**Q** 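My questions will all concern the structure given below.
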Amino acid sequence: MLSVGTPVDGSAGYVAIDRITGTLHGRSGSFVLQHYGLMDRGAGTLIVRVVPDSGTEELAGLTGTFEIDNSSAEHRYTFDYDIAPG
């Protein structure tokens, strides 16, 4: 993860890369998520997507977006994805 803050309160940015290895609905392999986040004077934007063609083994062809809801003390995650037929 790489992040930067600015002198203006509530403004910042970050980028990050995650490699995920495991099983998704019975299909095993790995894939990579790329994060792109901005805070514009307290208004946040976050985009997390599967890096194209990063799926391996049975997860080859995986595409999708990953949402992180941190509006409460307990974070919630939603992974909206598709796997191309093998």
Side-chain angles (χ1 to χ4, degrees):
M1 182 175 132
L2 180 64
S3 65
V4 64
T6 72
V8 176
D9 189 37
S11 291
Y14 93 96
V15 294
I17 298 286
D18 292 311
R19 175 171 297 280
I20 311 297
T21 302
T23 303
L24 185 61
H25 283 264
R27 298 172 99 171
S28 63
S30 67
F31 60 94
V32 177
L33 292 175
Q34 180 171 322
H35 302 237
Y36 170 80
L38 287 176
M39 287 294 290
D40 184 354
R41 298 179 184 216
T45 301
L46 177 60
I47 299 169
V48 183
R49 296 193 55 162
V50 174
V51 173
D53 301 312
S54 66
T56 66
E57 301 175 36
E58 296 174 315
L59 298 179
L62 179 72
T63 59
T65 58
F66 189 83
E67 293 183 25
I68 303 170
D69 177 0
N70 59 1
S71 61
S72 65
E74 202 174 288
H75 291 171
R76 304 213 183 267
Y77 305 98
T78 303
F79 189 25
D80 184 21
Y81 67 91
D82 189 38
I83 303 175

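Throughout, numbering of the chain's residues begins at 1 and tracks the sequence. Everything numeric here is computed off the predicted structure, so don't read it as measured data.
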**Q** Check for me, please, whether I83 and V51 land in the same ILVMFWY cluster - side-chain distances under 4.5 Å, paths through other members count.
**A**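 No, because I83 and V51 fall into different hydrophobic clusters, even though each may have its own neighbours under 4.5 Å.
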
**Q** Using side chain to side chain contact (heavy atoms under 4.5 Å, CB included) as the criterion, list what pairs up with D69, not counting sequence neighbours.
**A**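 Here the qualifying residues are S71, R76.
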
**Q** Side chain to side chain contact (heavy atoms under 4.5 Å, CB included) with H75: which residues, sequence neighbours excluded?
**A**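 In terms of side chain to side chain contact (heavy atoms under 4.5 Å, CB included), with neighbours along the sequence ignored, H75 is linked to N70, Y77.
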
**Q** Rounded to the nearest 0.5 Å, what separation is found between the CD1 atom of I68 and the OG1 atom of T78?
**A**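 The OG1 atom of T78 is 10.0 Å from CD1 of I68, to the nearest 0.5 Å.
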
**Q** Kindly write out the residues that satisfy side chain to side chain contact (heavy atoms under 4.5 Å, CB included) with E57, not counting sequence neighbours, or none if the list is empty.
**A**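 Partners of E57 by the side chain to side chain contact (heavy atoms under 4.5 Å, CB included) criterion, ordered by chain and then number, come out as S28.
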
**Q** Over all heavy atoms of both residues, which pair between R27 and E58 is shortest? Give the atoms and the distance, please.
**A**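 Answer, listing the atom of R27 first, then E58: NE-O, 3.3 Å.
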
**Q** Work out which heavy atom in G5 is nearest to a heavy atom in A12; give both atom names and the distance.
**A**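 Closest pair (atom of G5, atom of A12, distance): CA-CB, 4.0 Å.
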
**Q** Filter on salt bridge (charged side-chain N to carboxylate O under 4.0 Å, His left out), then keep only pairs touching residues 2-12, sequence neighbours left out; what's left?
**A**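 Found none.
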
**Q** Does the pair L24 and L62 meet the rule for a side-chain contact (heavy atoms from CB on, under 4.5 Å), with working shown?
**A** CA-CA 10 Å; L24 185 61; L62 179 72; 4.1 Å; yes

**Q** List in chain and number order the residues that pass side-chain hydrogen bond (donor to acceptor under 3.5 Å, both in side chains) with T6, two or more places apart in sequence or in another chain; answer none if no residue qualifies.
**A**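 Expected list: none.
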
**Q** Under 6.0 Å between the ring centres of F66 and F31?
**A**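 No, the ring centres sit 6.0 Å or more apart.
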
**Q** Could you give the side-chain donor-acceptor pairs of residues 33-50 under 3.5 Å, partners two or more places apart or in another chain?
**A**
unit_1: H35; atom_1: ND1; unit_2: Y14; atom_2: OH; d: 3.0
unit_1: H35; atom_1: NE2; unit_2: D18; atom_2: OD2; d: 2.5

